[in-house]
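Working notes, beginning with the structure itself.
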Amino acid sequence: MQTEKHIVSAFDRDLEGVQATLMKMGGLVEAAILDAALALETRDAELAGRVRAGDAAIDALEEQVQTECARLIALRGPTASDLRTVLSVMRCAANLERCGDYAKNLAKRSLVLNGMMPIEGAPGSIRRMARAVVMLLKDALDAYIARDSVKAQDVRQRDREIDQMYNGLFREFLTHMLEDPRTITPAMHLHFIAKNIERVGDHATGIAEQVIYLVEGRIPDEERPKASGVAALTEASQTAPRSES
Amino acid sequence: MQTEKHIVSAFDRDLEGVQATLMKMGGLVEAAILDAALALETRDAELAGRVRAGDAAIDALEEQVQTECARLIALRGPTASDLRTVLSVMRCAANLERCGDYAKNLAKRSLVLNGMMPIEGAPGSIRRMARAVVMLLKDALDAYIARDSVKAQDVRQRDREIDQMYNGLFREFLTHMLEDPRTITPAMHLHFIAKNIERVGDHATGIAEQVIYLVEGRIPDEERPKASGVAALTEASQTAPRSES
Amino acid sequence: MTDATLHSPQPPRSLLVADARTRRRKAAETRFRAYGLIAISLGLAALVFLLTSVLGNGLGAFRQTFVEIPVTLDEATLDKAGTRDPKAMAKVTTVGYGKLIASALEAELAAKGLDTAAVDSKAIMGLMSKEAPADLRNQVLADPSLIGQTITFDAAATSRVDGFFKGRVTLESAARDSNISPEQLQLAQAMADVGLIETKLNLWGFLSAPDASELRPEVAGLGVAILGSAYMMLIVLCLSLPIGVAASIYLEEMAPKNKWTDLIEVNIANLAAVPSIVYGILALALFINFMGLPQSAPVVGGLVLTLMTLPTIIIATRAALKAVPPSIRDAALGVGASKMQSIFHHVLPLAMPGILTGTILGLARALGESAPLLLIGMVAFVKDFPSAPPEGLMEPATALPVQVYQWTQRSDPAFVERASGAIIVLLVFLLIMNAVAIVLRRRFERRW
Amino acid sequence: MSLGLLSLIVLGLAVLGFLAGRQRALRLAQGDARRLHSLPSYYGWQVFLFTAVPALALMLGWAFLQPMLVDARVASHLTLAEGASLELMMNDVRRVAEGLTLLPAPSSDLATLKTQLSDAGVALGAELRPDVLTAAREYHSESASLRMILSGLVILVALAGLGLSLARINPEQRARNLVEHFVLVLLIGCALVAVATTFGIIASLVTESWHFFQLYPARDFLFSTEWNPKFGGGSSLGLWPLVWGTLYVSLISLAVAAPLGLLAAIYLSEYAGPKTRATVKPLLEILAGIPSIVYGLFALITVGPLLRDYFAMPMGWGDSSSSVMTAGLVMGIMLIPYVSSLSDDIINAVPQAMRDGSYGLGATQSETIKRVVLPAALPGIVGAVLLAASRAIGETMIVVMGAGAAAKLSLNPFEAMTTVTVKIVSQLTGDTEFASPETLVAFALGLTLFCFTLALNVVALVIVRKYREQYE
Amino acid sequence: MSSETSKMSAQGVQVYYGANHALKDVNVEILDKTVTAFIGPSGCGKSTFLRCLNRMNDTVASARVLGTILLEGEDIYDKRVDPVTLRAKVGMVFQKPNPFPKSIYENVAYGPRIHGLTRNKAELDEVVEQSLRKAALWNEVKDRLDAPGTGLSGGQQQRLCIARAIATSPEVLLMDEPCSALDPIATAQVEELIDELRSQFSVVIVTHSMQQAARVSQRTAFFHLGNLVEYGETGQIFTNPRDPRTESYITGRIG
Amino acid sequence: MSSETSKMSAQGVQVYYGANHALKDVNVEILDKTVTAFIGPSGCGKSTFLRCLNRMNDTVASARVLGTILLEGEDIYDKRVDPVTLRAKVGMVFQKPNPFPKSIYENVAYGPRIHGLTRNKAELDEVVEQSLRKAALWNEVKDRLDAPGTGLSGGQQQRLCIARAIATSPEVLLMDEPCSALDPIATAQVEELIDELRSQFSVVIVTHSMQQAARVSQRTAFFHLGNLVEYGETGQIFTNPRDPRTESYITGRIG
Ligand SMILES: Nc1ncnc2c1ncn2[C@@H]1O[C@H](COP(=O)(O)OP(=O)(O)OP(=O)(O)O)[C@@H](O)[C@H]1O
Ligand SMILES: Nc1ncnc2c1ncn2[C@@H]1O[C@H](COP(=O)(O)OP(=O)(O)OP(=O)(O)O)[C@@H](O)[C@H]1O
Ligand SMILES: [Mg+2]
Ligand SMILES: [Mg+2]
Ligand SMILES: O=P([O-])([O-])[O-]
């Protein structure tokens, strides 16, 4: 990455502007996920409603970032690291937007769950997982800001932990369902919620990969260091299918 | 969109090349989804294995499209419709790649399901849904090739049908689970499979939106015409939460 | 495409081997170069030949053989009243002075013990220019205090004696010559041996003296011619520079580009190439015949040379104006200068070196021009200096190149030497003017 | 009041006007120049121009008209003797009148007056005749009074211009525009001088030739091959021997100058290093700067005898030192730089890109010159040679001094021949009387010469101009 | 970013060169404190229109301008308007840097001098310094104001020309391909300067380089065959032009 | 896309203009049937190096070239090599179109004529036609081969110059900013042509426009201050350059 200024400073200005928007988006998404998880735990319909409504703002920001980036490419014709920056901003925004969607979905499902039988401990577990994944997202964004590829690698590693948490929850909810058929419907929702939170982790990894792309000019080879490939699958075949779902 | 040639034909050549790659990707993805659904129905482990292995090719193609597009932007500095074309190709490739992931996941889960109790009629329903969604995807890609925004709008409308099919399957699997707790684990997998196929529909819609972006220069306002908004949700709250999950 | 058919017969050639064709081409190259060198050498040889011929013939004009005799300016003969009143003294004619000189010379010869038997006293006086007495008279009248003193008087020797010491006249040629006898020359040789006759530098005399008649080439000088030329140049400069510059500014900067200005342009280019003699005819018909200006006057010469120089100056000025890039004009107009302001503030000052160079070169050409002057009567024999301008402009004068022509038309071969000398003077003036022009151009040359 | 003093006064007034105008403008603007339409000095210039120009124009016009007016009035006093020309007498009158102004106390006695006059430096050829004296007196007083009137008028005009233009000043006045219009008119006037010159040339040549053809049949002039003027009358004035001589000399000179000049130009612009070029080019141009009189002398005293002694006499071709060959050779030397300089410019104007293009294809230098540069420059070079030809035809001094005076139609280049210009000079120098065909024929010759060179020049200029446009 | 008040307004402008109809019914509002770029293929009339805005076309004998052009509501083609005064208000910078071959100081001081804008030397000095500062040149030349302007580098020369134009405190600055004779780095500096100038002047720039128009302008006008095809916000013109001809030109399908 | 055999090879090339060390130790392999672009800031030595490749620098008295340059293995600076023969093999096209002021036919026929490449008129006609075809000009000029080359438009002139260079069937074509004097549409046509020529020749192009280098070349060499900083595949240079100086230049941080 270049640290000097562009000769024409307008480009630097534009680039900084769009990255600031991206960071704002990141903040909103993090808050949305945490809020949604809180709403689920506290059965706070009003908070959940706010999270659902807030997604529009995230969507709008994403659209703004995409338009700005397209404009930047059209007007400035960036190359090399500049181009990578713009493209990575676009991809990160797409990642964050999707995370926003998950938060909204979480909020929606938490409203649905409010009307159902609560499952002991589950919302707490969800919230813990949400907190962990938000930490991951935050770190990915920090790594982005700092163009810190080491930290980005770390994020990619830590996504495995999220995967493990998800596997744990998968089993937990399955147990509940088997134990008490009345919990089947709410557990289904919780299943989907957990899956979505796991996906947020994947998107954080996606952002971390953009950092590496930015710094090194190439997307890292394997999509992400996997827990253990086929072995994990056979194990998971009994529990939860891994990741890229 | 422009129909005339560029003065420098190399750009046209590049652009056509990358779009051809995209179409090839589309073909692979469609086949993968259909094959995976077939493997599920026929419990054909070998076919499922092939689908899983085939995803690497799709991923490679996606990476190729992304690199080519970045290169195209760096070398040609496209503007206006050219830029939109390049950006839409990048977004479509991301969409298709994700669809490829779903196909792979379907294949993986079908392997897992092979070892479990079969659920009557479910694989057939899944396969019907998969066929419908592949039709949708095909139409979306056709609309892309033809830059046909009318057809793209049609794709967006038809995504509702996929959503309805998914809702139907959701209830069906839920019934199975409630009726026979032994089916809970396989039904969970089927749930996720159905959800993923529904997501393929969403991605087809995403491609259709890119067509509209290409032709009209803007992403259509509401993400997609929804079945009925809040009304659908309250209904779905008892069944399946809609779409953006 | 049928690429295969293209250049198929050529076997691949190595760079390192020169084929016959290449060698032939190299030889042609060398030959061609030689032709150019030969042409230049011939041109330069002609120049050298011309200059040596002129110098060889003309340098002698700056040296003059003088008879040096001590003359006692006797008050009794020269100023009988003793009042030193110039009017009274002017009554004594050249004849009186002639006698004085003759006696002084004879006395001196006797004193030096030279044998004058072979020549009579008239012949002895014949060694000196017929102008000598007048010369002495002028000296005395200019400085009456000399009367009573004995001064060393340098009397110009006649052209034959002068020629003898410069090698132009020999004893044999003198034998065939009615104006000089071998005996006179032998006497002159003897006088030279004792220091009575000496050939010395006579630069000032040659440059300042007026023309002299056919019989006294030894005292003919360029004074009137130089003055006449100077007057004419003054007129040319004062008229052609402002008019030329003004006309150029109009034509180059102001005039609309249409058929009329095109015609004027061709007209000016043509005027520059009209033979100079045609201008002479114009001057004769217009200034002298029609307007009644006096013949032989510098004013007429000046006017005709002005007309001749004008196109040159206009062309040079327009070239100089054209060389100022249009961007300068745009720049001035762009900040709100009017057209006139842009021209007078920017274009003209920038073009000035070019204009001046052109003007000087035009003047130089005018200075060397003779044909038109012949026609307006400047070939007349003029012995009197014209007075100071402006009156002097109307008085008869001659000009350097015409003076040359005049002298070549005279029969005495001594005038050939004078003519060549005059040409050297003319060339020196031209050299100076051209040098100034070159310095100007070098100094202010601008590469945009 | 002399014209010089008068112009000084007018100029003085104009300078005063400038200062006053500037001052007044500033005062009207309360000292703040920004309120004025134009810069203050433009108001000054406006007053200056309105003061000086009309007054000076009046003065100049008057100066031209006055002699004619006075001449007309004075001529009536003269009794013209048999055979005497009015011209000559008027000259006397003017001289005497001029002398009268110089003398403090002119005597009334004719004889004393004459000595007085000659003492004052006015030498009179003939006796001073009484009618001449009266005429001179008349002339004197007429001139003096006219001069007085003129002075008064001029100063009045200047003052009027000054007053009027000062009065018109106000801050909104577009002084700059006014001044600029005024200057433009002056510029146009100057540009017209060039036109007037051509007009004057044509008019004088045509009118005098017209006089000639009234005295001498045009047919004989144009078609006769004999030139034999006799001042007693009965001359044959055929043009052809002169034209032949002119062309012959010009041809020889071009045969010398064209190849030498062109080759020299090629060498200088293409082969010579900057140092050689910087020395040789000015050296060659010296040849063009040398006045033709010098070449004339060179021909007369050096080349002529040389050719005669070493070529003509030994070969038995003639024994004249003046010859067509002498004049042609010397003129050829003179013309070398005309050809070389112009060709050099033209060759240099061929863009370097053209040469690079050729070198880039693997051409040698001489191939590049012969196949690219010269063909490109050819029209320009032709133009240069034509201009040199025009110069050769119009050249006077070299032929006057080198070619001889015998009008002949001969092919032998070592014989003396004569040219149009030589004959113009010989017919018009000396005492000229504008009444005989022997004198007037010079104008017809001049007209012929003018037409010849005009045609050549126009063709050459058109070619050169076209060529220049090619690369612009 | 830019206030949206109109500075100049061209209404139905048509230009003929003799019989050649070079500009056909052009309507443009030049906004205040905005960089407006004119783009289009060669010979489409960009420069012609630009030169209409300060009546530089008056100097072309064959040119005939119809229609109205208003500068702050006043018709600049009114008979009472002196083009000389107009050009002080609507400054111009040309394709090739064209400093006068005088000192840097004199270059900048020329405009104020001929228009009599200052009352004394101190005021003039002040104007010169301010203009050079605005043109981002002061620091580079402040120690050699007496050095000839032609001795500066190309980019500096162009900035000097801009300073010279600024010195008459114009309201609009017209620039006809101001960077086409400069190397890339000097171009960038001048572009940067244009970007800064926009806070104080309306800038109108003709450029052959679409990239440049994209970089420096907020508004872009696209000319084609003497017509104003499209005029709008630069981002929109470059990402989503309305007229297919603009689209074709921008994406390199027509020249 | 392009075969990877080396056509010309520069090894340790150094150029001095008098005492000015203009080019420092440049090593480049020019590949066969490939467009190689030289980019870099003004004065970095691009043209200098280009002109070393066909010894056009021989015409500059002060220039001194060290190092070896091989054309198909033969040292072109060998004493036995006649630059005249070399230049027929390594053709050159210049910045400004410079057709000879002759007919179109004569322009193209010039090279074959001076090198005696054809035996008769029919062969020459054939060569001219083929060259014009390759230069994508044949259809535009086939009906007026006798018209002067200078009467063509700028872009056509440049293509004529290319045809002229092709006519001696060179192995390498050098082009020094061949489009900088052309308008965008002509530029595009010439770029298109360069793209086509690559199937038959090695093309080396110097350009100031990075966009142009990106568009037409397969290999790019970046020069800076007389050094060859980076040389590689164009896509890589423009998306992911290895040297930070290249990166800075490409992204507009140094001029
Ligand atoms: N002084 C002139 N006399 C006659 N026609 C002119 C003149 N100036 C321009 N034209 C014509 O007017 C039209 C528009 O020219 P203009 O210079 O405005 O184009 P442009 O868009 O600025 O082109 P470029 O990008 O080449 O500068 C062209 O057809 C041109 O030939
Ligand atoms: N004929 C010459 N004599 C002396 N120095 C020269 C000559 N040609 C070039 N140079 C110097 O050599 C260096 C490299 O010049 P060169 O022309 O190769 O640069 P370039 O990269 O082509 O620049 P540009 O992009 O401006 O054409 C410069 O410093 C230049 O001043
Ligand atoms: Mg959303
Ligand atoms: Mg270069
Ligand atoms: O983001 P997904 O719904 O495709 O996992």
Side-chain angles (χ1 to χ4, degrees), chain C residues 25 28-29 32-33 35-37 39-40 42-44 46-47 50 53-54 57 243 246-247 249-251 254 264 266-271 273-275 277-278 281-282 284-286 289 292 307 310-311 314 338 340 364 368 370-371 374-375 379 390 401 404-405 408 416 419-420 423 426 430 434, chain D residues 4 67 176 180 183-184 186-188 190-191 193-195 197-198 200-201 204-205 208 260 263-264 266-267 271 280 283-284 286-287 289-291 293-294 297-298 300-302 333 336 364-367 387 390 394 396-397 401 421 424-425 428-429 434 442-443 446 449-450 453-454 457-458 461:
Chain C
R25 287 168 67 192
E29 173 75 28
F32 190 69
R33 220 182 145 104
Y35 297 150
L37 262 181
I40 287 187
L42 281 179
L44 291 184
L47 176 66
L50 172 75
S53 149
V54 167
N57 281 311
I243 295 181
I249 289 178
Y250 177 72
L251 292 175
M254 297 293 193
I264 295 182
V266 173
N267 170 34
I268 288 174
N270 176 57
L271 277 181
V274 163
I277 188 117
V278 171
I281 297 178
L282 167 72
L284 185 62
L286 181 67
N289 213 13
L307 292 186
L310 210 50
I314 291 180
S338 69
M340 284 283 178
S370 31
L374 295 185
L375 297 197
V379 270
V404 173
Y405 176 68
T408 60
V416 169
S420 299
I423 277 181
L426 182 60
L430 293 182
N434 279 290
Chain D
R176 182 179 51 71
E180 288 179 353
V183 172
L184 184 63
L186 288 183
L187 296 183
I188 294 178
C190 289
V193 170
V195 183
T197 307
T198 307
I201 289 177
S204 55
L205 286 176
E208 300 294 345
L260 287 187
L263 283 172
I266 289 172
Y267 187 86
Y271 286 106
V280 173
L283 276 180
L284 278 183
I286 289 180
L287 283 174
I290 291 175
I293 180 80
V294 181
L297 189 73
F298 182 54
L300 181 70
I301 64 175
T302 312
I333 295 173
I336 289 175
T364 65
Q365 208 165 354
S366 63
E367 283 164 351
L387 277 183
S390 154
T396 309
M397 295 321 286
M401 296 163 84
T421 49
I424 293 177
V425 171
L428 281 184
T429 40
F434 284 90
F443 290 95
L449 181 64
F450 182 74
T453 51
L454 181 70
N457 291 344
V458 169
L461 289 171

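Sequence lines set the chain letters: A, B, ... in the order given, protein chains first and strands last, and positions in each chain run from 1.
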Please give me the minimum heavy-atom distance between [X] and [Y], naming the atom from each residue.
X	Y	answer
C:Ala39	D:Ala264	CB-N, 3.8 Å
C:Tyr250	D:Ala191	CD2-CB, 3.7 Å
C:Met340	D:Leu187	CE-CD1, 4.2 Å
D:Ser204	D:Phe443	O-CD2, 4.4 Å

Backbone N/O of [Y] and side chain of [X]: donor-acceptor pair under 3.5 Å:
X	Y	answer
D:Asn457	D:Thr453	yes
D:Thr302	D:Leu300	no
C:Glu29	D:Gln365	yes

As an exercise: rank [options] by heavy-atom pairs under 4.5 Å with chain D and give me the winner.
options	answer
C:Val54, C:Leu286, C:Val278	C:Val278
C:Leu310, C:Ile249, C:Thr408, C:Ile314	C:Thr408
C:Ala419, C:Ala46, C:Ser370	C:Ser370
C:Leu50, C:Val266, C:Ile281	C:Leu50
C:Ile423, C:Leu307, C:Leu430	C:Ile423
C:Leu271, C:Asn434, C:Ile268, C:Leu251	C:Leu271

Which atoms of [X] come close to chain D, meaning under 4.5 Å heavy atom to heavy atom: side chain ones, backbone ones, both, or neither?
X	answer
C:Leu37	both
C:Pro401	both
C:Met254	side chain
C:Ile264	side chain

Name the member of [options] that forms the most heavy-atom pairs with chain C at distances under 4.5 Å.
options	value
D:Ile336, D:Ile333, D:Leu283, D:Leu297	D:Leu297
D:Pro291, D:Gly394, D:Gly200, D:Gly446	D:Pro291
D:Thr364, D:Leu205, D:Leu186	D:Thr364
D:Val183, D:Ile286, D:Ile188, D:Thr421	D:Ile188
D:Met397, D:Met401, D:Arg176	D:Met397

Rounded to the nearest 0.5 Å, how far does [atom2] of [Y] lie from [atom1] of [X]?
X	Y	atom1	atom2	result
D:Ile201	C:Leu282	CD1	CG	5.5 Å
C:Ile277	D:Thr396	CD1	OG1	4.0 Å
D:Leu454	D:Leu449	CG	CG	10.5 Å

Portion of [X] that has a non-hydrogen atom of chain C nearer than 4.5 angstrom:
X	value
D:Ser366	both
D:Ile301	side chain
D:Ile266	side chain

- Query: Between D:Thr198 and C:Val274, is any pair of side-chain heavy atoms under 4.5 Å apart?
  - Reply: no
